[in-house]
> 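Handing you this structure, nothing more for now.
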Amino acid sequence: MAIAGVHNTEQARALPDHDSTSIALVGALGALADAGVTPHEVDGVVGTDCAQIALELGLGPCARRPTSLGIPALLDAASLIITGQCNVVLVAAGGAGIHVDRASTAPWTRPANELVVGYGLFTAAEFALMARRHMLTYGTTPEQLATVAATIRTNGHMNPDAVYHGRGPFTPEDILASRMIAEPFHLLDCATTSEGGCAVVLVTSERAGDCRAPLWILGGASDSFGPAYTVAPVWDFQPRTDSPPAGLVGARAADMAFAMAGLRPADVDVAELYDPFSFEIIRQLEAFGFCEPGEGGPFVEDGNIAPGGVLPVTTDGGTMSFSHPGINAQQLQRVIRAAQQLRGSCVTNQVDGAEVALCSNGGAGALFCDVLMLGRERP
Amino acid sequence: MSILLPQPVGIPAPRPSLHSEAYWDGCRRHQLLYQRCAECGYRGIGAFTVCAQCHATSPVWEASTGTGSLYSWTVVWRPPDPSFRVPYAPAVVRLDEGVWMMSAVIGCAPEALHDGLRLAVEFHPANGEITLPYFAPTRDGAAQ
């Protein structure tokens with residue numbers, strides 16, 4: 001099957017005329033138009049709002065999968081097509097009107113579980129506990145973390161579609177000078193919050209023949225160690241004596257994705273990595289095999305993830321600068337940017353001749369990580 | 001230099017669930033409990049009803065010595081909810097029984113936190129019903 005269309009709606013700090021479903025619908029219509037597919041061809045909808053979207057687009061009877069998050073939603077959509085249940089599947093997500101209490105962090109960052117809630121845990125602290133352990137083990141430095149944030153935020157600074165367009169450029173010193181949130185993370189090491197919608201359209205290989213710029217799913221897989229923000233985020237936690245540590249979540253998924261694609265990390269032209277916090281990029285680079293364990297810090301410090309580097313990362317500005325609209329849309333947006341890179345349609349930071357893109361979701365602090373690989377050529 | 005303190009009463013407090021009641025009852029009488037599989041001895045993470053190793057369904061609650069070592073920590077300056085007093089230091093503690101637990105370190109300056117810092121449990125109320133286990137450096141405080 002192929003990705004036939006992608007679309008990001010307007011992204012902004014707030015979209016007061018929308019709720020999450022209505023902005024997801026705007027994304028859906030945009031992706032269908034991009035694909036050149038009429039809405040009534042859709043026979044499957046994936047995403048937390050799938051039933052309402054099916055109703056409003058008049059798609060019934062159709063398949064629906066209320067899968068949250070980006071890459072898992074996309075893999076579910078792909079399986080609907082591979083198993084012959086659907087010909088055209090819409091994956092749509094949106095976030096608006098959710099983060100209204102500005103005295104608190106965004107609601108999806110605040111866990112309610114009884115074993116963590118009393119200790120003031122939230123996503124920044126959870127990811128910080130993983131980052132600290134890596135720093136203790138490998139000597140990873142705050143400057144290396146700041147290099148990641150400066151690179152991605154500068155990518156967003158250049159991107160006219162980014163919520164934080166024009167706010168930079170950023171140096172690592174700028175990141176380190178921002179106020180401390182949860183050590184080792186400064187404000188600018190952390191994701192922003194915003195509102196927006198997006199969607200992806202998947203079609204059968206046959207239907208893709210009529211689409212203007214289909215892209216191909218080369219491989220994809222998911223890793224989880226348990227529920228996010230419920231138990232202590234422990235790098236060395238092994239549920240079985242023969243399992244890898246939780247700090248390497250996503251390594252198995254990446255191995256599987258590379259094996260499906262018949263490719264190696266060196267074959268990847270651009271990596272649209274999910275960037276909830278600066279350290280998570282360093283961790284993913286190691287877990288996915290782009291560098292050795294403990295080498296992620298020096299790898300980013302040497303400029304490898306910057307535009308023009310060996311592996312440009314999160315080229316639209318990611319959740320740190322492009323957009324971060326709730327737990328679903330922001331993860332799907334990594335897939336959308338990867339698709340734009342392979343089409344050669346990026347207005348900024350286009351990687352020349354990009355043939356293979358890897359994108360990711362999640363992170364160690366949340367105990368899950370998903371990997372998807374896209375290609376320009378049909379496998 | 002600020003000293004890390006327990007949170008004031010009024011923070012978002014834990015709501016005990018069906019299988020965690022014994023844990024919170026223990027905290028109320030200032031006794032730290034952990035779960036162990038009665039069949040194979042596995043000590044899990046979090047609260048569980050099935051052993052992740054042998055899949056027996058008979059976990060039992062055991063009393064911990066309440067001592068352990070600092071494994072990882074952060075110092076929070078921007079809390080998720082305004083009721084938390086900053087700075088505070090969420091931490092992963094490795095109990096001497098080999099159990100990972102989420103807690104927070106109190107009773108020292110943030111600068112004194114280091115890998116392997118020896119810690120002992122202390123209990124402080126989160127509200128009228130819930131008592132939270134915190135950890136403070138032991139008197140010698142040295143890494144072991």
Side-chain angles (χ1 to χ4, degrees), chain A residues 101-137 178-187 190 225-227 229-241 243 246-247 277 365 367, chain B residues 6-7 11-17 19-21 23-24 27 42 44-48 52-53 70-94 99-105 110 113-116 124-127 130-135:
Chain A
D101 172 13
R102 295 283 170 168
S104 300
T105 57
W108 65 83
T109 70
R110 286 182 266 135
N113 179 270
E114 58 182 300
L115 297 180
V116 301
V117 66
Y119 301 114
L121 268 286
F122 64 124
T123 49
E126 302 263 2
F127 278 79
L129 291 168
M130 285 290 189
R132 171 85 63 188
R133 202 57 221 172
H134 195 273
M135 295 167 85
L136 292 170
T137 304
S178 63
R179 67 189 164 90
M180 191 61 84
I181 300 295
E183 296 176 14
F185 298 144
H186 298 78
L187 179 69
C190 303
F225 277 79
Y229 319 134
T230 297
V231 295
V234 178
W235 184 285
D236 291 298
F237 168 59
Q238 294 175 272
R240 303 177 311 280
T241 50
S243 79
F277 301 96
L367 296 180
Chain B
Q7 292 297 333
I11 55 167
R15 288 193 205 142
S17 54
H19 302 293
S20 66
E21 238 170 80
Y23 176 80
W24 294 114
C27 288
Y42 175 73
I45 191 165
F48 59 93
Q53 299 302 304
L70 184 58
Y71 171 81
S72 192
W73 70 95
T74 177
V75 179
V76 174
W77 295 89
R78 194 294 190 219
D81 177 291
S83 63
F84 285 95
R85 185 162 52 193
V86 298
Y88 62 93
V92 177
V93 178
R94 178 82 159 165
V99 174
W100 307 106
M101 79 171 275
M102 196 64 235
S103 186
V105 178
L113 299 173
H114 64 82
D115 188 19
H124 296 276
N127 60 27
I130 292 289
T131 300
L132 274 178
Y134 290 83
F135 282 81

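Below, read A as the first sequence line, B as the second, and so on, with proteins coming before strands; counting in each chain starts at 1. The structure displayed is predicted, hence computed values, not measured ones. Only this structure's heavy atoms are used, side chains among them; waters, hydrogens and symmetry mates stay out.
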> Please name the pair of heavy atoms, one in A:Phe122 and one in B:Tyr88, separated by the smallest distance, quoted to 0.1 Å.
CE2-OH, 4.5 Å
> Checking A:Asp236 against chain B: side chain, backbone, both or neither under 4.5 Å from a heavy atom?
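Its backbone and side chain both get close to chain B.
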> With a 4.5 Å cut-off on heavy-atom pairs, point out which of A:Gly226, A:Pro184, A:Pro233, A:Ala182 contacts chain B the most.
A:Ala182
> Quick check on B:Pro90 against chain A: is it the side chain, the backbone, both or neither that has a heavy atom closer than 4.5 Å?
both
> Tell me every residue that passes side-chain hydrogen bond (donor to acceptor under 3.5 Å, both in side chains) with B:Asn127, counting only those two or more places apart in sequence or in another chain.
none
> Would you name the heavy atoms of A:Gly118 and B:Ile11 that are closest together and state the gap between them?
O-CD1, 3.4 Å
> Verify side chain to side chain contact (heavy atoms under 4.5 Å, CB included) between B:Trp100 and A:Val231, making sure each step is shown before the conclusion.
CA-CA 9 Å; B:Trp100 307 106; A:Val231 295; over 6 Å; no
> Rounded at 0.5 Å granularity, tell me how far OG in B:Ser72 sits from CE in A:Met135.
10.0 Å
> Answer with side chain, backbone, both or neither: which region of A:Phe185 has an atom nearer than 4.5 Å to a non-hydrogen atom of chain B?
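Neither part.
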> Side chain to side chain donor-acceptor pair (under 3.5 Å): which pairs involve residues 75-86 of chain B, sequence neighbours left out?
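Those involving residues 75-86 of chain B are A:Glu183-B:Trp77, B:Asp81-B:Ser83.
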> Do you know which of A:Thr241, A:Leu136, A:Val117, A:Val116 has the most heavy-atom pairs with chain B at a distance under 4.5 angstrom?
A:Val117
> Tell me the closest heavy-atom pair linking B:Val92 and A:Ala232, and the distance in Å.
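What the structure gives for the nearest pair is CG2-CB, 4.1 Å.
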> Between the main-chain N or O of B:Ala13 and the side-chain N or O of A:Glu114, is there a donor-acceptor pair closer than 3.5 Å?
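Not confirmed, A:Glu114 side chain does not pair with B:Ala13 backbone.
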> Most heavy-atom pairs under 4.5 angstrom with chain B, which of A:Thr230, A:Leu187, A:Ile181?
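Option with the greatest count: A:Ile181.
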> Hey, what do you get for CZ (A:Arg132) to CG (B:Leu70), rounding to the nearest 0.5 Å?
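Taking CZ in A:Arg132 and CG in B:Leu70, the distance rounds to 8.5 Å.
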> Which atoms of B:Ala89 come close to chain A, meaning under 4.5 Å heavy atom to heavy atom: side chain ones, backbone ones, both, or neither?
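Contact with chain A is absent: no heavy atom of B:Ala89 under 4.5 Å.
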> For chain A, find which of B:Pro12, B:Pro6, B:Pro79, B:Pro87 contributes the most heavy-atom pairs closer than 4.5 angstrom.
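The answer is B:Pro12.
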> Give, as side chain, backbone, both or neither, the part of A:Leu115 having an atom under 4.5 angstrom from any heavy atom of chain B.
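Both backbone and side chain of A:Leu115 come within 4.5 Å of chain B.
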> Using non-hydrogen atoms and a 4.5 Å limit, figure out which bit of B:Trp73 sits close to chain A: side chain, backbone, both or neither.
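Backbone plus side chain of B:Trp73, per the 4.5 Å heavy-atom cut-off to chain A.
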> A:Pro239 and B:Ala52: which non-hydrogen atoms are nearest, and at how many Å?
O-CB, 4.4 Å
> Give the minimum heavy-atom separation between A:Leu121 and B:Pro80, together with the two atoms involved.
O-CG, 3.9 Å
> Does B:Tyr71 use its side chain to pair, donor to acceptor, with the backbone of A:Val234 at less than 3.5 Å?
no
> Can you tell me how far CD of A:Glu126 sits from OG1 of B:Thr74, rounded to the nearest 0.5 angstrom?
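Taking OG1 in B:Thr74 and CD in A:Glu126, the distance rounds to 10.5 Å.
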